[in-house]
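Only one structure is covered here, and it is reproduced in the block below.
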Amino acid sequence: MNIQNYINGQYTNPISNEWIDNYNPSNGEIYGQIPNSSKDDVEAAYKAAKSAFKQWSQTPIEERSRIMLRISELIEANLERLAEAESKDNGKPLWLAKAVDIPRASSNFRFFANAITQFASESHESVGLNAVNYTLRQPIGVVGCISPWNLPLYLFSWKIAPAIAAGNCVVAKPSEVTPMTAYLLGEICTKAGLPNGVLNIVHGLGGSTGQAIVEHSDIKAISFTGGTTTGAHIARVAAPMFKKLSLELGGKNPNIIFADCDYEDMLTTTIRSSFGNQGQICLCGSRIFVEKSIYEQFKTDFVNVIKNQKVGHPMAEETKIGALVSKPHLEKVLNYVEIAKEEGGKVLYGGHKLTIEGHENGYYMEPTIIEVSTDECRVNQEEIFGPVVTIMPFETEEEVLAMANKVNYGLSATIWTNDLKRTMRMTKELQAGIVWVNTWLMRDLRTPFGGVKDSGVGREGGFEALRFFTEPKNVCIKY
Ligand code: TXE
């Protein structure tokens, strides 16, 4: 099946008529093609966005909100179809796409449809000077949204929803590896009555289509989620043009387990935070530190549970872990297992590519647990972004805090403990944008979302996102 760009409310072929193959990770087969869009397609998308801007930015908030609520409802109504498309494109279990990805995409539109009705700005009376200041929060104009492959529609909509809620028009590019649900979103937006040109979706490669969005001199803000290397490149390109940037990048998040935690709860959640979505979530707790007194017990229990996590075809009901997103990605992740061995790491479980009967060319691998003796090895420092975790013991709070912070990344951290004072000390000291205590990936969409250090700049979520997608203007009136 060929998918098309969505520009000015119409599905269109790329101007050059060049196409890229789209692979199904569950069986390694090409099942469609996507536009290999050029600068010209991006320009067409920009023009459509530009001409829609005046009217959209003047559309009453309530009307914008109503349209976005309709988009949210239509996503919900198309749950089965969207979840199947997501699972086929990405390799994630169908149940996961149904339970998480698609419902969350719907929530993103609903959340920002409501949030915009509550978005307000400050005013300051300059006492004694007979003046009043207020802040106008105006939409930026045309903005670019570039998203990755791990949570395709979930992250695509997480950017688009606040952008359009705030009155901007958008040129958006989903990952070329998982374009399908973004393609289907176009049709939903049209049905919901979103005016032509408010959202334009161009498909294509990062280095050409994505690059053209970032380089476009009149696209004044870029919201990007993806790898740290790409983020650094985008920052270099955008900086001389003084674009507003929101960069959500990689993570290498610590999962710190103290002996006084609620053990069963911790164990169940740690399975999810280690291998959920095949470990392809920037928030996964891929470095597990366990207090020495329960280390051996944890190791045994963790391995025993993992043994029973079924790796299989994404559409099979009993599958817990599906296929990795692409062949190069699978190879990259498998290569890290070799690196771990060379560095003296001990593979406690997994480490191999798996062949699933009937789907022999799919990109499957075993969930993998590597015991490391030092936190400074590469597998403990570099983002692997697959079903691979490291584990090691620690003795003191100071020691584990130092190890937790001794990476270039700083996205999230999890602590398992029932000690309140320790919780208060550690949450302050951990270098991360998000700290979970006795839970993981519990999200309230009003909270700021993002990382420090190499995990990015800026925050998404709630009013932070609406602030990013608006330009504050101070108006000072003397009377
Ligand atoms: O991501 P890229 P890749 C990490 C993870 C993974 C690594 C590389 O470690 O192994 O990044 O993955 C677009 N100008 N994460 O290569 O390239 C690209 O087309 C503009 C973490 O797949 O960063 C896609 O739409 N855009 C992450 C998007 O950027 C460009 C999720 C992300 O792709 C571009 C994914 C350019 N020059 C990977 N080059 C997370 N934080 O959740 C690429 N793109």
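A quick note: this is a predicted structure, and the numbers were derived from the prediction, not measured. First listed ligand is number 1; within each ligand, the first listed atom is number 1.
Less than 4.0 angstrom separates some heavy atom of His329 from each of these atoms of ligand 1: 10 (O). The distance from ligand 1 to the heavy atoms of Gln211 drops below 4.0 Å at these ligand atoms: 14 (N), 20 (C), 36 (C), 37 (N). Contact atoms of ligand 1 toward Trp149: 3 (P), 12 (O), 22 (O) (distance under 4.0 Å to a heavy atom of the residue). Remark: ligand 1 atoms within the under-4.0 Å shell around heavy atoms of Ile146 are 13 (C), 20 (C), 25 (O), 26 (N), 28 (C), 29 (O). The His233 neighbourhood of ligand 1 comprises atoms 37 (N), with distances under 4.0 Å to a heavy atom of that residue. Those atoms of ligand 1 with a heavy atom of Glu248 less than 4.0 angstrom away are 41 (N). The ligand atoms of ligand 1 that sit less than 4.0 angstrom from a heavy atom of Pro148 are 31 (C), 35 (C).
What sits closest to atom 20 (C) of ligand 1 on the protein, heavy atoms only, is Gly210 C, 3.2 Å.
Residues passing the salt bridge (Lys or Arg N to Asp or Glu O under 4.0 Å) test with Glu43, sequence neighbours excluded: Lys47.
Evaluated by nearest non-hydrogen atom to atom 32 (C) of ligand 1, the leading choice among Thr225, Leu249, Thr230, Leu205 is Thr225. Of the listed options Gly207, Gly226, Gly204, Ser326, Gly226 places a heavy atom closest to atom 27 (C) of ligand 1.
No side-chain donor from either of Asn114 and Arg110 sits under 3.5 Å from a side-chain acceptor of the other.
Distance alone, capped at 3.5 Å, is enough to place a donor-acceptor pair between the Asn277 side chain and the Asn150 backbone.
Considering both main-chain and side-chain atoms, Glu176 comes within under 3.5 Å of ligand 1 through a nitrogen or oxygen pair. Ligand 1 has a nitrogen or oxygen under 3.5 angstrom from a nitrogen or oxygen of Gly227.
Heavy-atom neighbours of Lys320 NZ from other residues, nucleotides or ligands within 6.0 Å: at or below the threshold of 12. Other residues, nucleotides and ligands contribute at most 12 non-hydrogen atoms within 6.0 Å of the NZ atom of Lys39.
Sorted by first then second residue, the side-chain hydrogen bond (donor to acceptor under 3.5 Å, both in side chains) pairs that include residues 228-241, not counting sequence neighbours, are Gln211-His233.
Distance check for atom 8 (C) of ligand 1: every protein heavy atom is found at 4.0 Å or beyond.
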